[in-house]
Amino acid sequence: MRVLSHREIGREVYWLSVADFESKLFESIWPIPRGVNYNAYLVGDGGEYLLIDSAKKFVEARELVELIGRVVDTGKVKHIAVLHTEPDHSGLVAEASSLLGNPVVYLTSKAALLMKRLFGIDTKVLKDDDSLKVGNRLLRVVELPWVHRPDTMFLYLQDEGVLFSSDAFGAFGALEDPRFDSEVDFDLYLESAKKYFATVVAKYRRLVLQDLEKLRKLELNVRTIAPAHGIVLRDRVRDFTQALVSWCELRKTSKVTVVYGSMYGFTELIANFASDQLRYRVQSVVSHDVSNDNVVNILSDVADSAGVLFLVPTYEAEAFPPMVNLVDLIRLKRLGEGKLAAVFLTKLWGSAEVEQMTAKLEAAGFEIYAPAMELVNFPTEEELEGIRGFLKDFCEKFSEGI
Ligand code: FEO
């Protein structure tokens, strides 16, 4: 299912919402059971309009132009701005541009090269601090490379204080209708935004912090944030910004994420025992089955945990492949930094799995707590006592400094 709708978010400022309930994966990697939204915007004045971004090519350019036509006279769209070139926002620009009578397409210099290579279209380059004029209205260009791609700019509509923020300030989840932050369960929405952060933005989080600092120094009077995914923020701009900063800093909470693989249920039993023990010692314990849980949820929980316990079965004398894949994704997103990891290895035979897992976890940025505990089947009472002591010391170690 797809839903194309629109909403006015300011004087002659319109949100064009393209809700994608069809795609099962974002970037062909991340499961998105609740879909995702692609947001484009229109800004008008004096009988001319600027289109900001488009949508992924799961809809036709004709459908986007029809949506624009429900709001304004399409012949009056004189400018298009591409905030970055990833095709979930730029994918319809070339065809839409043609249907709209070839308005001027504006973007950053890096984006210009990429748009030429991707879609063969010529564009006009904007630089940091340039202004884009629509009638008598001014949109200030703020180049903010590496929100997660090198070619990103934001636009700031000065008279209304609207910041068009590309992929930053976004979230997963398709919208049946365009909603403001005051019209949703905001805590639930932040959960969805954290999942989006952990999978799309996390790797470049230090650069995002620099970008936020640059925005702060510009002393813009931002009253509305209009992102490329998710909802438009008005009342909770400060709350969202604080949450984003805490995620970018990988701020730890008194939380442990337990991740286990289990082919026949033995390792799951140990994971359940370990989770019960951890609940005595930390505020929050979440447990994930690496084979069956959504990897987006696992990464999101790892992001703000102080410790992560990996329960890893052996598989043909190597570490359980789904766990190896998970740790590789954690490494890719650099989510292990500053966190303590412990490993329980469940095995009948083999020898090199501990070294394999330790090397992987270190590459992912984790500090490794103690040598891995090796277990066969469900532990004896004596071994259970050993696990209790291990987890007590593990929690004490990472609790320092939280
Ligand atoms: Fe939502 Fe980087 O595209």
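Numbering of ligands and ligand atoms starts at 1, following listing order. Just so it is clear, the values below take in all heavy atoms, side chains as well, and ignore hydrogens, waters and symmetry mates.
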Legend entry - Basic-acidic side-chain contact under 4.0 Å: D301, K255: yes
Inset, instruction - Have a look at T224 and tell me which of L157, V232, V237 forms a side chain to side chain contact (heavy atoms under 4.5 Å, CB included) with it. - result: V232
Legend entry - Salt-bridge criterion met for R279 and D276 (N-O under 4.0 Å): yes
Legend entry - Atom name, D167 (N, O or S, nearest to atom 1 (Fe) of ligand 1): OD1
Inset, instruction - Return the name of the atom in D88, of element N, O or S, nearest to atom 1 (Fe) of ligand 1. - result: OD2
Inset, instruction - Specify whether an N/O/S atom of H84 falls short of 2.8 Å from atom 1 (Fe) of ligand 1. - result: no
Inset, instruction - Using a cut-off of strictly less than 2.8 Å, determine whether H148 has an N/O/S atom near atom 2 (Fe) of ligand 1. - result: yes
Legend entry - Heavy-atom side-chain contact between E249 and L209 under 4.5 Å: yes
Legend entry - Heavy-atom check, side chain of V327 versus side chain of F310, under 4.5 Å: yes
Inset, instruction - Would you check if atom 1 (Fe) of ligand 1 lies under 2.8 Å from any N, O or S atom of E86? - result: no
